[in-house]
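Here the structure is a predicted model, which means the values were calculated and not measured. The basis for the numbers below is simple: all heavy atoms, side chains too, and nothing from hydrogens, waters or symmetry mates.
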Amino acid sequence: MNSAARLQFEVQPDSQPDTQPHSQSDIVLDDLRTTADAEAFRRLNEEWITRIFALEDEDRRQLEHPVETLVQPGGAVLVARVGDEVVGCVGLAPARPGVVEVVKMVVSPQCQGRGLGRRLLVAALERARELGAHRVELESNRRLAPAVHLYQQLGFRHLSADEHVPGPYVRADVAMALDL
C-alpha cells in the first residue's frame with residue numbers, strides 16, 4: 001500500500017456496550033493529509049507529553065514539522081479519524097537504513113481503552129514493512145505502562161544498554177525493538 005492509500009481495518013465488536021463518544025467502527029485510519037491533521041498531531045501529542053513530562057527539542061521539531069521531519073525523509077504519520085476529527089496518531093521516523101522508529105503515538109482520552117492504540121501500532125508496523133523496514137525501534141518511559149505492555153504484546157523486546165544508542169529524549173528510560 002503506498003502512502004497515498006487509505007488504511008481501513010475491520011473492527012471486531014466490543015464485548016461491552018460502547019459508552020464512549022465514538023465507537024470503534026466509526027474510526028478510520030488514514031495518512032496525515034492536511035494542515036488540520038498536522039495541527040491535531042501537534043495538539044494531541046503536546047497535551048499528553050506536557051501532562052506527564054516536558055516538551056523537549058526533538059518533540060518540538062517533529063510536532064511543528066511532521067511532514068518535513070517524518071514523512072519526507074521516508075517515514076509516515078498515520079491518523080485515526082472520526083469524521084473530520086483526529087482522535088489518535090502515530091509516526092514512523094527513519095532511523096537508519098532498514099530501521100524506523102515509532103514516535104508520537106497518542107490516543108485522545110475519550111477514545112482510550114478500546115483498542116485504538118493497538119490498531120494504530122499494527123497499522124504502523126504494516127506501513128514499516130511497506131517502507132522496507134526490517135526492524136522497528138522505539139523509546140518510551142516506564143511510567144507509560146499501558147503503552148509498554150502493548151508493545152510487548154505485539155512482540156517488541158526490551159533492549160539492553162549495549163544494544164541501544166540512547167535517543168534525544170531525557171524522559172526515555174525504556175528502549176524496545178521488533179524485528180519484522
_Pairs meeting criterion side chain to side chain donor-acceptor pair (under 3.5 Å) with involvement of residues 46-55, two or more places apart_ = R42-E46, N45-W48
Reported [atom1]-to-[atom2] distance for the pair [X] and [Y], which is rounded to 0.5 angstrom:
{"X": "E126", "Y": "L131", "atom1": "CD", "atom2": "CG", "result": "12.0 Å"}
{"X": "L78", "Y": "L32", "atom1": "CG", "atom2": "CG", "result": "9.0 Å"}
{"X": "L178", "Y": "H134", "atom1": "CG", "atom2": "NE2", "result": "12.0 Å"}
{"X": "F53", "Y": "N141", "atom1": "CZ", "atom2": "CG", "result": "3.5 Å"}
{"X": "L159", "Y": "E137", "atom1": "CG", "atom2": "CD", "result": "6.5 Å"}
{"X": "D162", "Y": "H164", "atom1": "CG", "atom2": "NE2", "result": "11.5 Å"}

Looking at [X] and [Y], would you say the former's side chain and the latter's main chain have a donor-acceptor pair under 3.5 Å?
{"X": "E139", "Y": "G167", "answer": "yes"}
{"X": "R127", "Y": "V122", "answer": "no"}
{"X": "E101", "Y": "L138", "answer": "no"}
{"X": "D26", "Y": "V82", "answer": "no"}
{"X": "D31", "Y": "R33", "answer": "no"}

Going only through I, L, V, M, F, W and Y residues with side-chain contacts under 4.5 Å, is there a path from [X] to [Y]?
{"X": "V106", "Y": "V71", "value": "yes"}
{"X": "V67", "Y": "V77", "value": "yes"}
{"X": "L55", "Y": "L44", "value": "yes"}
{"X": "V86", "Y": "V103", "value": "yes"}
{"X": "V100", "Y": "L63", "value": "no"}

Considering all heavy atoms, the nearest [X]-[Y] contact:
{"X": "Q62", "Y": "A93", "answer": "NE2-CB, 4.4 Å"}
{"X": "A124", "Y": "V90", "answer": "CB-CG1, 4.0 Å"}
{"X": "L180", "Y": "A133", "answer": "CD1-O, 3.5 Å"}
{"X": "G75", "Y": "P94", "answer": "N-CG, 3.6 Å"}
{"X": "L92", "Y": "A128", "answer": "CD1-N, 3.8 Å"}
{"X": "V87", "Y": "C111", "answer": "CB-SG, 3.9 Å"}

*Begin with the C-alpha distance, continue with both residues' side-chain angles, and end with the deciding distance and a verdict on side-chain contact (heavy atoms from CB on, under 4.5 Å) for I27 and R119.*
CA-CA 10 Å; I27 298 173; R119 285 181 63 200; 3.8 Å; yes
Flag the pair [X] / [Y] as yes when at least one side-chain heavy-atom distance between them is below 4.5 Å, and no otherwise.
{"X": "R171", "Y": "D59", "answer": "yes"}
{"X": "L144", "Y": "I52", "answer": "yes"}
{"X": "Y169", "Y": "I49", "answer": "no"}
{"X": "L150", "Y": "M105", "answer": "yes"}
{"X": "P146", "Y": "H149", "answer": "no"}
{"X": "V174", "Y": "Y151", "answer": "no"}
{"X": "L120", "Y": "C89", "answer": "no"}
{"X": "R81", "Y": "D37", "answer": "yes"}

_Looking only at side-chain N and O atoms, does Q152 offer a donor or acceptor that is under 3.5 Å from a partner on H158?_
yes
*Verify whether one side chain among R118 and Q153 offers a donor that lies under 3.5 Å from an acceptor in the other.*
yes
*Flag the pair R60 and E58 as a salt bridge only when some basic side-chain nitrogen lies within less than 4.0 angstrom of an acidic carboxylate oxygen.*
no
*Could you tell me whether R61 and E56 have a side-chain N and a carboxylate O separated by less than 4.0 Å?*
no
